[in-house]
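Remarks on the structure that follows.
Predicted model only: the values in this text are computed from it and were never measured.
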Amino acid sequence: MDILRFITAGSVDDGKSTLIGRLLYDSKNILIDQLETLEKQSKNKNENGIDLAILTDGLRAEREQGITIDVAYRYFSTPKRKFIIADAPGHIQYTRNMITGASNSQLIVILIDARQGVIEQTRRHSIIASLLKMKNVVVAINKMDLVDYSEEVFNDIKAQYELVAQKLKLENVNYFPISAFHGDNVVSKSKKTDWYGGETLLDFLENVEINRNQENENPRFQVQYVIRPQTDELHDYRGYAGEVISGIYKKGDDITVLPQNIQTKISKIETGGREVDFVLTNQPAVIHIEDDIDISRGDFLVKTNQQPKVENEFEAVVCWLDKKELNEGNKYFIQHKSKTLKAIVKEIEYKIDVNTLEQIPITESIKLNEVVKLRLKTASPLVFDSFEESKSTGNAILIDETSNSTVGAVMIL
């Protein structure tokens, strides 16, 4: 079974946590002891006697205030697919949480209160989806029960959002009239929206296409560990262990070791303790090569005819995650999967207004939650693809040299 990672986003009280609770509850992914606890703690009870939002609002402060503060991850499965859901905060001061949760998601569910229509928060979350190159967008028009399941209201909000999607060039946008509180069109079709001829939200999530054709993906493999046992039985054994980030690797492939730029061939591939002819995306593997080359943790093995960029200076969009301000000339570590390098901020070009995508000139230091375009220089070359080409090899983090705290989420351009 494949896994769909998706994030829910919306304004405060749009019903994100309730929607996730409904998906878990109606798909029978809640244990009996969890139900008993829910019934005791519930204040805003539905017809089943429980408050579904409590399933994801795990922090005490969240429950007391009725808001989501941190990104909460929930897992559930159906016979067709497994799911990892990120429930992100709607408040503007938690922009960093939203971007962090969305960076690994394949789909975003944007909730809109049917009574409010498209508001500033809707546009802001849509802009973040655009910034993060989200391939699939679901617009869940929630609380349809509070507008008498009006087809006119649904169509009006859909028309409002279509203008936003067109401006941001969002593709694959799908619309659903739902009531998370009552369960309409979430897991089961609702008789109250007989004018709606589409599928339920869960049906869509189960069947939406998320896997690209692996044959067309640029093969990327980063070494996580060099296996050199040096025992009598395995005297000449040298393997390079890691996970196939993307594409397919086959025995006999011509590959290039980067950043050294040395060409060789794959002599053997192992996975799960046995020799195989090929490995695919997300599979762990040990790759053996024909030549003795000095290869270390963080180096890439790529197909010779499908190479990424190798640069020590590049542009990136960065979401600033730290209370300490960002300035030109600051030095950090940049961690790109298993590779860590020293980096310096060469230039901060402009701030990006996450409400409008407007480019704002730099007049002061960059503060927590702000998004900027900047130029980074690393101590030695970095192997990467652009974030638009590959989220996996196009993202990184900045780490403070003294505290070891993660201070920036990096999308390489």
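For H288 and Y240, the distance between ring centers is not under 6.0 angstrom. Between Y249 and F278, the ring center distance fails the sub-6.0 Å criterion. Taking the ring centroids of W195 and Y149, they lie at or beyond the 6.0 Å cut-off. Note: F204 and F176 meet the aromatic proximity criterion, with ring centroids under 6.0 Å apart.
Counted by atom type alone, N185 and T193 present one or more donor-acceptor pairs between their side chains at under 3.5 Å. Side-chain atoms of E313 and T378 include no donor-acceptor pair closer than 3.5 Å. S338 and Y225 share no side-chain donor-acceptor pair at under 3.5 Å. Looking only at atom types and distance, the side chain of T78 has a donor-acceptor partner in the side chain of E206 under 3.5 Å away.
Here the side chains of L374 and E315 are not in contact, with every heavy-atom distance at 4.5 Å or above.
When each of I344, I397, V407, T406 is checked for a side chain to side chain contact (heavy atoms under 4.5 Å, CB included) with Y332, only V407 meets the rule.
Between the side chain of S386 and the main chain of E389, a donor-acceptor pair closer than 3.5 Å is present.
Look at E349 and K373 and you find a salt bridge, because one of the NZ, NE, NH1 or NH2 atoms lies within 4.0 Å of a carboxylate O, short of that distance. A salt bridge links D299 and K339; the closest N-O separation between the charged side-chain nitrogens and carboxylate oxygens is under 4.0 Å. Ion pairing between a basic and an acidic side chain is recognised when a charged N comes within 4.0 Å of a carboxylate O; K324 and D400 show such pairing.
Between the CZ atom in F314 and the CG atom in L376 there is a gap of 5.0 Å [rounded to 0.5 Å].
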